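To start, the structure itself, in structure tokens.
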Amino acid sequence: PTMPQRRRVRTLRLSIVRRPSGRSGGAHGLSEKPTTLARTSTRPDGPGASPLVLERASLPAPEGLVREGLQFVAAGGMRIPAILQYPSAHRIRPAILVIPGHVPREHSGLRQLTDAPDSYQRAAATALAQRGFVTLTLELRGFGLLGLRQGAEHNAVAHNALLHGSFYKALVIDDASRALGVLRALPQVDRKRIGVTGASLGGELAVNLAALDESIAATAASGYGGNAGLFGGLEGPDTVMVHYCHIIPGAWSFLRREDM
């Protein structure tokens, strides 16, 4: 699509495609021959360029940390809530984007990564900030603040994306890419030392994002991968569960960790 600024494209040889389809409503169309995964950066070139941050407010924080709640604009005008944390001692620091994994209905991955040390995500974003990093954590579409409170659930979001010629990971990886733009624009962040991490689905998204953005200096994934598509449910082989969020049309409809 025609854009008012120059756009940057990076390509990785994989078994899927994400590239502009020419449709008026989407930037993640699928090719009939799924041989390449292409990433078109939504971040304009130029110093200080970043997604539009609509709100930024101080929040209560553990001792020695500064914590801010913010919202940034994603594709389609979606407002993505996020939490920024950093040590109160002012200096230029490395930064880490911490991506949430799956959480139960009505739970928030954003909250688990900041305020729930007993969850499987162990308040990792807060722990990393306490060790000297600037951390930014976003809420994934269909979870927590972007979940049932807004009449959405991540499998429903993923299913609707498939119906419109896209897929869930295309949406949330674009959100995460914009979150990286927020980090890059912060004056206390060393732009050459920005990493990305996550657990479970968050680890999977972290690896995908790092493969598409060469500026990411380090990646750490915990529990990378998972089942995709149709598989036996928790109540026995006669039950079926569907995780639409893992499906990438033309690439796979069923996936196990061993395939990684």
Side-chain angles (χ1 to χ4, degrees), residues 50-51 53 55-72 74 79-104 106-147 154 172-191 193-210 213 215-224:
S50 69
V53 176
E55 298 180 10
R56 190 168 168 181
S58 178
L59 298 175
E63 184 177 357
L65 291 184
V66 175
R67 178 180 289 181
E68 299 179 23
L70 59 87
Q71 291 186 351
F72 63 89
R79 297 186 177 196
I80 305 296
I83 291 180
L84 174 69
Q85 299 184 99
Y86 51 92
S88 54
H90 294 289
R91 65 181 177 87
I92 304 298
R93 298 177 181 276
I96 300 177
L97 176 66
V98 189
I99 304 176
H102 275 109
V103 294
E106 300 183 359
H107 287 231
S108 166
L110 177 64
R111 294 300 182 190
Q112 283 196 3
L113 282 170
T114 54
D115 291 315
D118 294 331
S119 72
Y120 86 92
Q121 303 193 77
R122 300 193 179 275
T126 300
L128 288 167
Q130 289 171 327
R131 285 161 175 77
F133 294 93
V134 177
T135 67
L136 183 66
T137 309
L138 72 157
E139 190 81 273
L140 296 183
R141 298 180 187 225
F143 292 102
L145 299 173
L146 296 177
H154 87 286
V172 294
I173 288 175
D174 189 74
D175 294 344
S177 179
R178 293 168 188 254
L180 281 175
V182 173
L183 275 177
R184 291 187 182 105
L186 295 173
Q188 66 266 45
V189 167
D190 182 346
R191 296 186 182 184
R193 295 193 296 163
I194 296 179
V196 59
T197 188
S200 187
L201 174 63
E204 194 172 337
L205 295 171
V207 170
N208 291 333
L209 178 60
D213 190 333
S215 70
I216 294 174
T219 309
S222 176
Y224 174 74

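When a residue number appears, it is its place in the shown sequence, counting from 1. Since this is a predicted model, take the numbers as computed values, not measurements.
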For Ala210, all residues meeting side chain to side chain contact (heavy atoms under 4.5 Å, CB included), sequence neighbours excluded: Val196, Ile216, Thr219
Return the set of residues passing side chain to side chain contact (heavy atoms under 4.5 Å, CB included) with Arg79 (not counting sequence neighbours), or none when no residue passes. Leu54, Glu55, Gln71
Distance check, rounded to the nearest 0.5 Å: Asp213 atom CG versus Asn208 atom CG?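 One finds 12.5 Å between CG of Asp213 and CG of Asn208.
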For Arg193, enumerate each residue passing the salt bridge (Lys or Arg N to Asp or Glu O under 4.0 Å) test, keeping only those at least two apart in sequence or located in another chain.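 For Arg193, the residues satisfying salt bridge (Lys or Arg N to Asp or Glu O under 4.0 Å) (neighbours in sequence not counted) are Asp190.
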Taking only residues two or more places apart in sequence or in another chain, which ones pass salt bridge (Lys or Arg N to Asp or Glu O under 4.0 Å) with Glu68? Arg56
Solution key, residues 123-131 side-chain donor-acceptor pairs under 3.5 Å, sequence neighbours excluded:
from	atom 1	to	atom 2	distance (Å)
Thr126	OG1	Arg67	NH2	3.3
Thr126	OG1	Gln85	OE1	3.2
Thr126	OG1	Gln85	NE2	3.1
Thr126	OG1	Thr114	O	2.7
Arg131	NH1	Ala127	O	3.0

Would you find a donor on one side and an acceptor on the other, under 3.5 Å apart, between the side chain of [X] and the backbone of [Y]?
X: Arg191; Y: Arg184; value: yes
X: Glu139; Y: Gly109; value: yes
X: Ser88; Y: Val66; value: no

So which atom in [X] and which in [Y] form the shortest heavy-atom distance, rounded to 0.1 Å?
X: Val134; Y: Tyr86; result: CG2-CB, 3.8 Å
X: Leu145; Y: Leu110; result: CD1-CD2, 4.0 Å
X: Pro100; Y: Gln121; result: CA-OE1, 3.3 Å
X: Arg178; Y: Asp174; result: NE-OD2, 2.7 Å

Heavy atoms of other groups near Gln188 CD, more than 12 under 6.0 Å: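 Yes.
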Which pairs with one or both residues in residues 90-99 pass side chain to side chain donor-acceptor pair (under 3.5 Å), sequence neighbours excluded?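 For residues 90-99, and leaving out neighbouring residues, there are no side chain to side chain donor-acceptor pair (under 3.5 Å) pairs at all.
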Just grab all the ring pair (Phe, Tyr, Trp, His ring centres under 6.0 Å) pairs involving residues 114-144, residues at least two apart or on different chains.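 Counting only pairs at least two positions apart or across chains, the ring pair (Phe, Tyr, Trp, His ring centres under 6.0 Å) contacts touching residues 114-144 are His102-Phe143, Phe143-His154.
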